[in-house]
Amino acid sequence: MAFEVRFEDSRTRARVGRLTTPHGAVETPVFMDVGTLGTVKALEPRDLEELGTQVVLGNTYHLLLRPGAEVIAAAGGLHRFMRWDGPILTDSGGFQVFSLARMRQITEEGCRFNSHIDGHEFFLGPKESMAMQRVLGSDIAMVFDECLPYPCARERAEKSVEQTLRWARRSKEEPHAEGQQVFGIVQGGIHDDLRRHCAEELVAIGFDGYAIGGVSVGEPEEFMYRAVEASVPFLPKDSPRYVMGLGVPHQMAECVARGVDMFDCVIPTRIARHGTAITRHGNVAIKAAKWTFDPGPVEEGCDCYCCRNFSRSYVRHLLACDEILGLRLLTIHNVRALNRFMEEMRSAIAGGTFSEWKEQIRKETTNNE
RNA sequence: GCGGGAGUAGAUCAAUUGGUUAGAUCAACAGAUUGUGAUUCUGUGGGUUGCGGGUUCGAGUCCCGUCUCCUGCC
């Protein structure tokens, strides 16, 4: 079995596990860094290693457009192309169908797009997506799905779930790379019965892991937790569960308490580029003038390269001047901050103190500064 | 000393040859960002138009005086 549950919390559904992939083992719960175009923006693979990043995400849609399947194939796959030897998870492009909705035309076979770069028409469906992910050679491939917006009428959600299930079956049937795992994606919006139905049907098809999609798309926080609660009980206990697109610390803690093992999000790298640091006491705008003379690190007690060596004053200065190093240093910090957060979480679960830890996190991170 | 030019938001500059509530950009401040079309986006505050008079229905704009800076000449 590729996934092994090693500790289970007695009071919640939280668990510590290990996911084995062709490029190494992954300790869960895990936060995965988004590297859409074959790079975690501003970081090098050696940075990621030092920061304790376990999995990097790649994106089928974006890599298909640029540089294209031929280039990746010629390089021998995404690992070799981007020089990351750790596990890679590739998104199917399904989310782009949703986020680039204006340009779409959906058929049973998939989705017709116009490239956002040069307008060229192209097509992405379960067949094309799996073929591309096979070329990419990711350790984990995601099925091609439709991500529903919020809010969404029930009738539309029903049809969409059936479409997602048909696409999931076809995604499973397509050939995959050697050792490549395939994860199904539970959709269903905020409708509990649709979530359950979708989960059960996916389990019947049989996947290596199961994602919960269509959350953190603008719905209230409680709806997000409810979507997780409506899905997890119908997923196998011995398979990894992955909430897609989520990376706010206390939200991840809440989802882990509901049985989730994996997360990914653009938040740490994006807000770093926008001048905001993630800390144990909430987000801090390092760009703010009040740090102009501040000699302290971005976050007190952080072990990252940025915090070990540089002052808030310096990082603020770099950001104010739009220096590349500013984006890099703050990205280093934010990635490390979330990885430390997950390390703490795993220790708390293994040590039997998860509930107390989660409560403390909720208090600390909601009080901004 | 004489001549010329310039003084408008924290900074750099606008304001149709006198016409509504003096704008823009940057900075400041606040907010957003959740399977990246994001070094992005949104919003807020901020002015005794150097100062003092005058002309006019009305002055950043015209006139007088004054202060400061720049520049040229003796």
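In what follows, chains are A, B, ... by sequence order, proteins preceding strands, each numbered from 1.
Scanning for side chain to side chain contact (heavy atoms under 4.5 Å, CB included) contacts around A:Ser10 gives an empty result, with sequence neighbours left out. Residues passing the side chain to side chain contact (heavy atoms under 4.5 Å, CB included) test with A:Phe310 are A:Tyr305, A:Tyr314, A:Val315, A:Leu329, sequence neighbours excluded. Scanning for salt bridge (charged side-chain N to carboxylate O under 4.0 Å, His left out) contacts around A:Arg346 gives an empty result, with sequence neighbours left out. Checked against salt bridge (charged side-chain N to carboxylate O under 4.0 Å, His left out), A:Glu155 has the following partners two or more places apart in sequence or in another chain: A:Lys159. Qualifying side-chain hydrogen bond (donor to acceptor under 3.5 Å, both in side chains) partners for A:Arg154, counting only residues two or more places apart in sequence or in other chains: A:Glu158, A:Asp193. Judged as a salt bridge (charged side-chain N to carboxylate O under 4.0 Å, His left out), and not counting sequence neighbours, A:Arg66 has no contacts. Evaluation of the salt bridge (charged side-chain N to carboxylate O under 4.0 Å, His left out) rule for A:Arg166 yields A:Glu108 as partners, not counting sequence neighbours.
Nucleotides B:G60 and B:C51 have their P atoms positioned 11 Å apart, rounded to a whole Å. Rounded to whole Å, the P atom of B:U8 lies 32 Å from the corresponding atom of B:C74. If you take atom C1' in B:C69 and the same atom in B:A30, they sit 37 Å apart, rounded to whole Å. Straight-line distance between the P atoms of B:C26 and B:U44: roughly 15 Å, to the nearest whole Å. Rounded to whole Å, the separation between the C1' atoms of B:G23 and B:G47 comes to 12 Å.
Among the atoms of the strands shown, base atoms are found under 4.0 Å from some heavy atom of A:Ile185. Counting non-hydrogen atoms under 4.0 angstrom, A:Gly214 reaches a base of the nucleic acid. Here A:Ala288 lies in heavy-atom contact (under 4.0 Å) with sugar-phosphate atoms only. Backbone-only contact: A:Ile267 has heavy atoms under 4.0 Å from sugar-phosphate atoms and none from a base. At the heavy-atom level, A:Gln187 lies under 4.0 Å from base atoms of the strands shown.
Separating the CG atom of A:Leu124 from the P atom of B:G37 is a distance of 14 Å, rounded to the nearest angstrom. If you measure from atom CD of A:Gln251 to atom C1' of B:G35, you get 15 Å, rounded to the nearest angstrom. Whole-Å rounding puts the A:Met252 CE to B:G35 P distance at 12 Å. Between the NE2 atom of A:His333 and the P atom of B:U39 there is a distance of 20 Å, rounded to whole Å. In this structure, A:Lys41 places its NZ atom 14 Å from C1' of B:U33, rounding to the nearest Å. The separation between A:Asp91 atom CG and B:U34 atom C1' is 13 Å, rounded to whole Å. Between the P atom of B:A38 and the CD1 atom of A:Ile271 lies a distance of 17 Å, rounded to the nearest Å.
Within the structure, every side-chain polar atom (N or O) of A:Asn59 is placed at least 4.0 Å from both OP1 and OP2 of B:G35. Residue A:Ser216 places no side-chain N or O under 4.0 Å from the OP1 or OP2 atom of B:U34.
A:Lys172 contributes a side-chain N or O that, together with a main-chain N or O of A:Gly206, makes up a donor-acceptor pair within less than 3.5 Å.
A donor and an acceptor atom sit less than 3.5 Å apart, one in the side chain of A:Arg270 and one in the base of B:U36.
Position along RNA chain B of the nearest nucleotide to A:Leu37 versus A:Ser92 favours A:Ser92 as the more 5'-ward residue. A residue-by-residue look at A:Leu57 and A:Ala289 shows that A:Ala289 has its nearest nucleotide of RNA chain B further toward the 5' end.
Counting only residues at least two apart or in different chains, salt bridge (Lys or Arg N to Asp or Glu O under 4.0 Å) contacts with residues 19-34 of chain A comprise A:Arg6-A:Glu27, A:Arg18-A:Glu27.
A parallel orientation is assigned to the rings of A:Phe113 and A:Phe122, their planes being inclined by less than 30° (bins at 30° and 60°). By the 30° and 60° cut-offs, the orientation of the rings of A:Phe223 relative to A:Tyr150 is perpendicular.
With pairs defined as Watson-Crick or G-U wobble and both atom distances under 3.5 Å, the stems of at least three pairs that touch RNA chain B come out as B:1-7 with B:67-73, B:10-13 with B:23-26, B:28-32 with B:40-44, B:50-54 with B:62-66.
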Quick one: side chains of residues 267-275 of chain A, donor-acceptor pairs under 3.5 Å with protein atoms, not counting sequence neighbours, listed by atom name and distance.
from	atom 1	to	atom 2	distance (Å)
A:Thr269	OG1	A:Val266	O	3.1
A:Arg273	NH1	A:Thr269	O	3.2

Identify the pairs formed between an N or O of the protein and an N or O of nucleotides 40-46 of chain B at a distance under 3.5 Å, and give each distance.
from	atom 1	to	atom 2	distance (Å)
B:U40	N3	A:His274	ND1	3.4

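The stretch residues 223-236 of chain A has no heavy atom under 4.0 Å from RNA chain B, so no residue of it qualifies as close.
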Might you work through the ring-ring contact (aromatic ring centres under 6.0 Å, His included) test for A:Phe31 and A:Phe263, ending with a clear yes or no? CA-CA 5 Å; A:Phe31 177 80; A:Phe263 304 91; 7.8 Å; no
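Of the listed nucleotides (B:G37, B:U33, B:A28), B:G37 has the atom at the smallest distance from the side chain of A:Gln96.
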